[in-house]
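These numbers come from a predicted model, not from an experiment. A note on names: the letters A, B, ... follow the listed sequences, proteins ahead of strands, and every chain is numbered from 1.
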Number of protein chains: 2
Amino acid sequence: MNFSVTEENHIKAIFHLQQGEGTVSTNDLAAELHTKAASVTDMLKKLKAKKLLSYERYKGVRLSVEGKKLALAIVRKHRLWEYFLVDTLQFGWDEVHEVAEELEHISSKKLVEKLDAFLGYPKFDPHGDPIPDSHGKMAVQQQVNLIDLAINKTAEVSAVGSQSTELLELLKHKNIGIGTRLEIKKKFSFDHSIEIKIKNQNAFTISQQLAQVLFVKII
Amino acid sequence: MNFSVTEENHIKAIFHLQQGEGTVSTNDLAAELHTKAASVTDMLKKLKAKKLLSYERYKGVRLSVEGKKLALAIVRKHRLWEYFLVDTLQFGWDEVHEVAEELEHISSKKLVEKLDAFLGYPKFDPHGDPIPDSHGKMAVQQQVNLIDLAINKTAEVSAVGSQSTELLELLKHKNIGIGTRLEIKKKFSFDHSIEIKIKNQNAFTISQQLAQVLFVKII
DNA sequence: ATTTATTTTTAGACAAATCTAAATTTATTT
DNA sequence: AAATAAATTTAGATTTGTCTAAAAATAAAT
Ligand SMILES: [Mn+2]
Ligand SMILES: [Mn+2]
Ligand SMILES: [Mn+2]
Ligand SMILES: [Mn+2]
């Protein structure tokens with residue numbers, strides 16, 4: 001079976017919003033895809049006819065086994081290409097998302113497998129997100145939200161919870177990236193801000209909103 | 001300006017049929033693109049409105065300077081990706097065309113430049129065709145049609161005039177590929193077939209039709 | 001110079017993906 | 001339990017790309 005770019009983008013968006021389990025609303029989907037609810041409804045009917053999801057009107061949507069398989073294949077391609085762009089072509093980790101958004105729709109199965117082999121079967125993409133293997137399995141990162149990191153435990157930033165340019169701008173300014181080693185010096189309960197320390201730098205505080213989208217691996 | 005995959009495929013097809021100079025017919029274009037003449041006419045009107053070509057009804061079509069620039073950019077991407085697939089990912093040179101047909105439409109300019117640099121600015125693709133540089137210039141291959149090769153002059157196959165699976169099947173069977181060294185032993189005027197000899201193999205004859213699509217570089 | 005054949009264009013229809021505005025269903029308040 | 005608000009779907013249009021069949025222009029043949 002072959003699917004259009006639009007169909008694939010819908011499947012991937014449902015997969016992300018569904019996040020393992022749960023049902024996804026038409027409005028949330030419309031927001032995620034920068035389209036309108038009416039357009040989403042039309043697409044859901046079509047994808048239901050293609051057996052990629054279960055959908056009853058007004059009841060929300062959920063991917064079928066087939067749908068999940070397709071979603072994982074797209075996510076796999078997206079993250080492998082991101083890895084390729086950063087690791088092989090020396091892109092910055094903050095400029096690959098848009099390009100991968102296109103590359104993820106290239107259909108050749110053989111290309112994905114050869115690319116994976118060439119890259120050495122990487123387990124995580126440049127943003128710290130796990131790359132599904134050819135069977136759709138992905139490693140579970142033993143990472144924790146920065147909010148939950150214990151004080152004075154050194155950890156390494158392993159993932160960010162968003163790829164928005166706004167976030168990336170802030171991270172660049174604060175000099176934080178994937179691989180940055182830091183530890184928490186203080187947690188302020190008033191506004192849930194936290195003071196962090198990066199080696200050879202002065203300690204500084206970051207907001208709750210920022211801490212919530214940073215994930216770290218204890219080392 | 002941004003163009004659809006269909007628009008880009010039309011521009012590229014016109015470029016190839018136009019071959020440097022000349023005017024291209026609606027029917028030839030329809031054949032090349034596996035579509036119908038009526039559809040081509042519609043597209044020509046649109047591309048004319050976008051100033052990519054000059055077109056008068058019943059008079060054929062010709063790319064504008066802008067159109068040629070776009071065509072060269074697409075050809076550049078197509079051939080760079082083919083080179084990447086063969087050189088980096090170890091694809092066979094006979095299985096990359098279809099994949100490149102998709103990859104050539106990825107829009108990121110930065111990706112093309114980074115890919116080119118990573119590959120070491122290759123001048124020819126795996127089929128021996130020249131790769132336009134970032135300014136659209138391409139090397140002129142000092143190659144000659146096998147038909148025109150002098151008898152007993154050793155030469156190396158440098159390009160094939162088609163990527164049809166039928167041709168590739170025949171070449172595989174005859175054990176001929178890019179880089180194969182051979183010389184002509186005899187030319188038969190009756191059917192214009194020629195007898196060729198590859199080192200460590202017995203001589204054999206190939207048809208006029210085959211010889212016409214093989215290009216060689218004298219060494 | 002007509003007639004015939006070929007090429008090309010137009011007319012009209014259709015599927016995919018999208019939108020706006022109106023109608024309908026479900027959820028939340030009074 | 002009504003009334004109101006929010007979410008969702010339907011109805012009807014629009015754009016893009018495609019097709020078939022008929023009409024028009026050009027080319028080739030008698
Ligand atoms: Mn996408
Ligand atoms: Mn990523
Ligand atoms: Mn193409
Ligand atoms: Mn090629």
Side-chain angles (χ1 to χ4, degrees), chain A residues 1-19 22-63 67 70-71 74 101-102 104-105 107, chain B residues 1-18 22-63 67 70-71 74 101-102 104-107:
Chain A
M1 207 42 78
N2 235 20
F3 303 97
S4 74
V5 168
T6 306
E7 288 171 334
E8 291 192 350
N9 282 340
H10 275 75
I11 291 294
K12 199 179 64 155
I14 296 167
F15 179 80
H16 281 136
L17 292 177
Q18 184 171 311
Q19 194 45 31
T23 186
V24 179
S25 79
T26 304
N27 259 1
D28 287 358
L29 221 30
E32 172 88 4
L33 291 161
H34 306 106
T35 180
K36 297 299 157 69
S39 309
V40 171
T41 300
D42 286 347
M43 187 56 70
L44 292 182
K45 287 181 195 164
K46 201 198 328 179
L47 295 175
K48 179 187 180 170
K50 294 193 176 186
K51 313 250 186 234
L52 291 172
L53 46 81
S54 57
Y55 162 69
E56 295 302 327
R57 72 196 199 299
Y58 294 106
K59 293 291 200 179
V61 66
R62 181 188 301 249
L63 290 183
L70 176 56
I74 302 164
E101 206 58 44
E102 285 183 57
E104 71 189 358
H105 304 289
S107 59
Chain B
M1 206 43 79
N2 235 18
F3 303 98
S4 74
V5 168
T6 306
E7 288 171 336
E8 291 193 350
N9 282 338
H10 275 74
I11 292 293
K12 198 179 63 156
I14 296 167
F15 179 80
H16 281 137
L17 292 177
Q18 185 171 311
T23 186
V24 179
S25 79
T26 304
N27 258 2
D28 287 358
L29 220 31
E32 173 87 2
L33 290 161
H34 306 105
T35 181
K36 297 300 157 71
S39 308
V40 171
T41 300
D42 287 347
M43 187 57 70
L44 292 182
K45 287 182 195 164
K46 198 190 341 172
L47 294 176
K48 179 186 179 170
K50 295 193 176 189
K51 315 253 186 229
L52 291 172
L53 45 81
S54 58
Y55 161 69
E56 295 302 326
R57 68 196 201 298
Y58 294 107
K59 292 293 199 180
V61 66
R62 183 187 301 247
L63 291 183
L70 176 56
I74 303 165
E101 205 58 45
E102 286 183 57
E104 71 188 0
H105 304 290
I106 301 293
S107 59

- Message: Can you measure B:L44 atom CG to D:dT16 atom P for me and round it to whole angstrom units?
- Response: 16 Å
- Item | Minimum-distance pair of heavy atoms, taken over all atoms of A:T26 and A:A37 | CG2-O, 3.6 Å
- Message: At less than 3.5 Å, do the side-chain atoms of B:Y58 and the base atoms of C:dT7 form a donor-acceptor pair?
- Response: no
- Query: Does a side-chain N or O from A:N27 land closer than 4.0 Å to OP1 or OP2 of D:dT8, or not?
  - Reply: yes
- Per-nucleotide pairing state of DNA chain C [Watson-Crick or G-U, under 3.5 Å; [ ] pseudoknot-crossing; | other strand]: ||||||||||||||||||||||||||||||
- Take the protein atom NZ of A:K50 and the nucleotide atom P of C:dA16, then report the distance between them rounded to whole Å. 8 Å
- Task: Could you check how far NZ of B:K59 sits from P of C:dT8, rounded to whole Å?
- Result: 12 Å
- Using whole Å, report how far CG of A:D42 lies from C1' of C:dA21. 14 Å
- When every non-hydrogen atom of A:E104 is compared with those of A:N9, the smallest separation belongs to OE2-OD1, 3.5 Å
- Item | Whole-Å distance separating the CE atom of A:M43 from the P atom of D:dT8 | 17 Å
- Supply the atom-to-atom distance B:S54 OG to B:K59 NZ, rounded to the nearest 0.5 angstrom. 12.5 Å
- Task: May I ask you to evaluate whether B:S4 reaches the phosphate of D:dT16, defined as a side-chain N or O under 4.0 Å from OP1 or OP2?
- Result: no
- Is the backbone N or O of A:A30 less than 3.5 Å from a side-chain atom of A:T35, with the two atoms forming a donor-acceptor pair by type? no
- Would you say the side-chain atoms of A:E8 pair up with the backbone N or O of A:I74, donor to acceptor, closer than 3.5 Å? no
- Message: With a 4.0 Å cutoff (strictly under), does any side-chain N or O of A:S39 reach OP1 or OP2 of C:dT18?
- Response: no
- Query: Is any side-chain N or O of A:T41 closer than 4.0 Å to OP1 or OP2 of D:dT10?
  - Reply: no
- Please round to the nearest 0.5 Å and tell me the distance separating atom CD1 of B:I14 and atom CG of B:L29. 5.0 Å
- Of the listed D:dT18, C:dT24, C:dT10, the closest approach to the B:K45 side chain comes from C:dT10
- Query: When you check the gap from the basic side-chain N to the acidic O, do B:K12 and B:E32 get nearer than 4.0 Å?
  - Reply: no
- Residue B:A38, side-chain heavy atoms: nucleotide from C:dT10, C:dT8, C:dT20 that is nearest: C:dT10
- Note on the structure: Rounded to whole Å, the NZ-P distance (B:K36 to D:dT16) equals 23 Å
- Task: Provide, to the nearest angstrom, the distance between the CZ atom belonging to B:R57 and the P atom belonging to C:dA11.
- Result: 11 Å
- Whole angstrom value for the distance that separates C1' of C:dA16 from CZ of A:F3: 16 Å
- Item | Which nucleotide in D:dT18, C:dT18, D:dT8 has an atom nearest any side-chain atom of B:T6 | D:dT18
